[in-house]
Amino acid sequence: MNVLLCPLGDPGYLYPALAVGRELRRRSHTVHVLAAPRAAPLVTEAGLDLSAATDDTALSVAHWTVRGPEQYTEVARAVRRLRPDVLLTSVLNHGALVAAEAADLPVVVLGLAAHLWPYRSEGAGPADTHDRTWRLTETLKHYQALRAAAGLAPRHDRHPDTPLLGTIFLLRGHRDLEPADAELPPAVRHVGPCWWEPEPPFAEPLPDSKPLAYVHLGRTFGGTSLWPRLNAAFTASTYRAVVELGRSGAPEAAEGADLIVGRRPWMGPLVDRSDLVLTNATSAPVLAALLHGKPLLVAPNGSEQQVLAAACLRAGVARRLPEPGTPATDLRTAIEETAHDAQLRSRAKEIAATLTDGKSEFHAADAVESAAH
């Protein structure tokens with residue numbers, strides 16, 4: 001079988017696709033990865049073959065709403081060149097969905113840690129349901145505009161989310177991150193994290209005089225920056241924070257705040273050494289925390305952050321970071337109490353045991369083989 005991986009190029013999207021590609025390669029399938037040339041070292045480390053995209057930014061999640069035509073061009077060109085039997089792509093890569101439809105190819109979509117769009121039966125509550133419907137409506141606007149630009153005939157699906165789900169749609173979180181009475185669409189399957197990241201070239205030399213909190217910043221989407229609360233919480237604190245900037249802006253660490261700030265292509269070893277994970281609640285840090293059995297302190301802004309933060313609170317693995325303007329003593333207390341909350345830790349470890357034993361890459365590869373046949 002000939003498989004084309006065409007994920008978005010950011011680590012939270014690229015890495016799980018590489019994890020699935022590695023399992024497919026282990027099964028003797030031919031696997032190519034469509035990615036920008038700068039991803040070549042990562043693709044090589046994963047043991048896969050790069051099919052270099054000509055547009056460096058077309059496959060960036062930061063531009064998914066405006067670069068759909070460029071996504072489509074890159075994927076369609078790779079399809080003509082490599083003649084795959086099946087595509088594997090990322091949620092929000094509408095160019096790959098449209099290219100697959102135009103070429104009459106099955107496509108498997110790697111989703112996030114929780115389902116973003118409406119359920120077939122409602123179990124999330126009125127506010128959450130409204131957010132899901134709004135999110136689907138806005139996403140479909142971009143998708144439908146791209147289909148029209150590609151010259152495809154209008155679709156008439158029973159459910160509006162159907163084209164976004166591909167042939168099979170894979171969720172990388174735990175079933176308990178969804179409401180207990182929520183019915184997922186038939187195309188959606190839980191497989192687990194599909195975790196892969198590059199090996200750190202060295203063990204990061206962190207001072208061991210204080211316990212660690214791992215902090216992962218997401219985009220603010222016009223919401224509230226975490227920096228004022230981080231500076232307050234980790235000044236005169238018993239905890240030190242390792243802060244991953246991710247796709248956020250420039251650091252705003254205050255003098256005297258015990259923060260180690262940077263951008264790293266891995267997080268697993270740092271999460272493993274930490275007592276808790278503080279995050280805006282994007283999929284990668286949430287999954288890292290759950291894989292390592294660490295409790296979460298969440299402070300969501302936009303995009304999937306609100307949905308995933310609510311999912312973590314509902315699953316009993318997280319607390320919510322106090323609001324902006326909270327006194328520093330209360331912020332420090334929130335960190336201490338989250339790190340040492342026996343119930344949170346027990347629940348996180350319970351989910352960790354399920355995720356690590358779940359053979360997520362194996363089940364995701366099964367889905368790709370099933371879609372192809």
Side-chain angles (χ1 to χ4, degrees), residues 3-8 13 16-17 20 34 58-61 63-80 84-122 124 129-172 178 182-191 283 303-304 307 364 367-373:
V3 184
L4 174 61
L5 309 184
C6 39
L8 295 172
Y13 299 86
V20 182
L34 177 65
L59 298 174
S60 169
V61 70
H63 307 294
W64 75 269
T65 59
V66 295
R67 301 301 302 279
E70 290 81 5
Q71 288 178 358
Y72 172 75
T73 297
E74 290 288 353
V75 178
R77 183 184 294 122
V79 166
R80 289 193 297 270
D85 301 302
V86 60
L87 306 187
L88 182 138
T89 191
S90 307
V91 64
L92 302 182
N93 189 344
H94 294 166
L97 292 174
V98 174
E101 184 178 357
D104 195 25
L105 287 172
V107 56
V108 176
V109 182
L110 272 176
L112 302 177
H115 193 57
L116 298 181
W117 301 312
Y119 298 107
R120 289 296 183 260
S121 62
E122 305 300 348
T129 298
H130 173 76
D131 290 342
R132 291 174 187 277
T133 302
W134 173 86
R135 189 174 295 105
L136 175 61
T137 300
E138 292 300 306
T139 304
L140 282 171
K141 287 180 183 178
H142 301 290
Y143 169 77
Q144 289 164 348
L146 180 58
R147 283 189 82 257
L152 297 180
R155 294 181 62 122
H156 301 284
D157 298 293
R158 179 182 176 190
H159 298 286
D161 60 350
T162 298
L164 301 180
L165 301 176
T167 311
I168 299 174
F169 190 95
L170 305 179
L171 287 174
R172 296 187 290 117
E178 314 296 337
E183 180 187 350
L184 290 164
V188 178
R189 305 180 187 178
H190 275 94
V191 292
S283 286
S303 189
E304 85 271 26
V307 170
V368 174
E369 291 177 333
S370 173
H373 294 107

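Being a predicted model, the structure only gives us computed values, none of them experimental.
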Approximate separation, where rounding is to 0.5 Å, of Leu92 CG and Ser60 OG: 11.0 Å
Do Pro7 and Leu88 have side-chain heavy atoms sitting under 4.5 Å apart? no
The reported gap from OG1 in Thr139 to CD in Gln144 (rounded to nearest 0.5 angstrom) is 10.5 Å
Return each pair, listed once, that meets ring-ring contact (aromatic ring centres under 6.0 Å, His included) where at least one residue sits in residues 143-167; pairs must be two or more places apart or across chains. His94-Tyr143
Quick one: does any side-chain atom of Arg67 pair with a main-chain N or O of Leu59 as donor and acceptor, under 3.5 Å? no
Looking at every heavy atom in both Ala372 and Pro106, which two are closest together, and how far apart are they? CA-CG, 4.1 Å
Which heavy atom of Asn93 sits nearest a heavy atom of Cys6, and at what distance? ND2-O, 2.8 Å
Considering all heavy atoms of both residues, which atom of Arg189 and which atom of Ser370 are nearest to each other, and what is their separation? NH2-OG, 4.0 Å
Between Thr73 and Arg77, is any pair of side-chain heavy atoms under 4.5 Å apart? yes
How about Leu97 and Leu146: do any of their side-chain heavy atoms sit closer than 4.5 Å? no
Can you tell me how far the CG atom of Asp85 sits from the CG atom of Leu105, to the nearest 0.5 Å? 8.0 Å
So, taking the atom named CG in Leu170 and the one named CG in Leu165, what distance separates them when rounded to the nearest 0.5 Å? 11.0 Å
Shortest non-hydrogen pair, Glu138 vs His142, comes out as O-CD2, 3.2 Å
Determine, step by step, whether Tyr13 and Thr89 satisfy the side chain to side chain contact (heavy atoms under 4.5 Å, CB included) criterion, reporting the C-alpha distance in whole Å, the side-chain angles of both residues, the deciding distance to 0.1 Å, and the verdict. CA-CA 9 Å; Tyr13 299 86; Thr89 191; over 6 Å; no
Side-chain heavy-atom pair Leu4, Val79 within 4.5 angstrom cut-off: yes
Atom pair CG (Leu140) and CZ (Arg147), whose distance is rounded to the nearest 0.5 Å: 11.0 Å
What's the verdict on side chain to side chain contact (heavy atoms under 4.5 Å, CB included) for Leu184 and Arg120, showing C-alpha distance, side-chain angles and the deciding distance? CA-CA 6 Å; Leu184 290 164; Arg120 289 296 183 260; over 6 Å; no
Separation of Arg172 CZ from Leu110 CG (nearest 0.5 Å): 6.5 Å
What are the two closest heavy atoms between Val368 and Val20, and how far apart are they? CG2-CG1, 4.3 Å
Can you say whether the rings of His115 and Trp117 are parallel (under 30°), tilted (30 to 60°) or perpendicular (over 60°)? perpendicular
Verify side chain to side chain contact (heavy atoms under 4.5 Å, CB included) between Val75 and Val98, making sure each step is shown before the conclusion. CA-CA 9 Å; Val75 178; Val98 174; over 6 Å; no
Is the backbone N or O of Glu183 less than 3.5 Å from a side-chain atom of Ser121, with the two atoms forming a donor-acceptor pair by type? yes
Expected output: side-chain Thr167 to main-chain Ala371 donor-acceptor under 3.5 Å: no
Which pair of non-hydrogen atoms, one from Gln71 and one from Gly95, has the smallest distance, and what is that distance? OE1-N, 2.9 Å
Are Arg135 and Asp161 within salt-bridge range, i.e. N to O under 4.0 Å? no
Heavy-atom distance under 4.5 Å between the side chains of Val188 and Leu171, does that happen here? yes
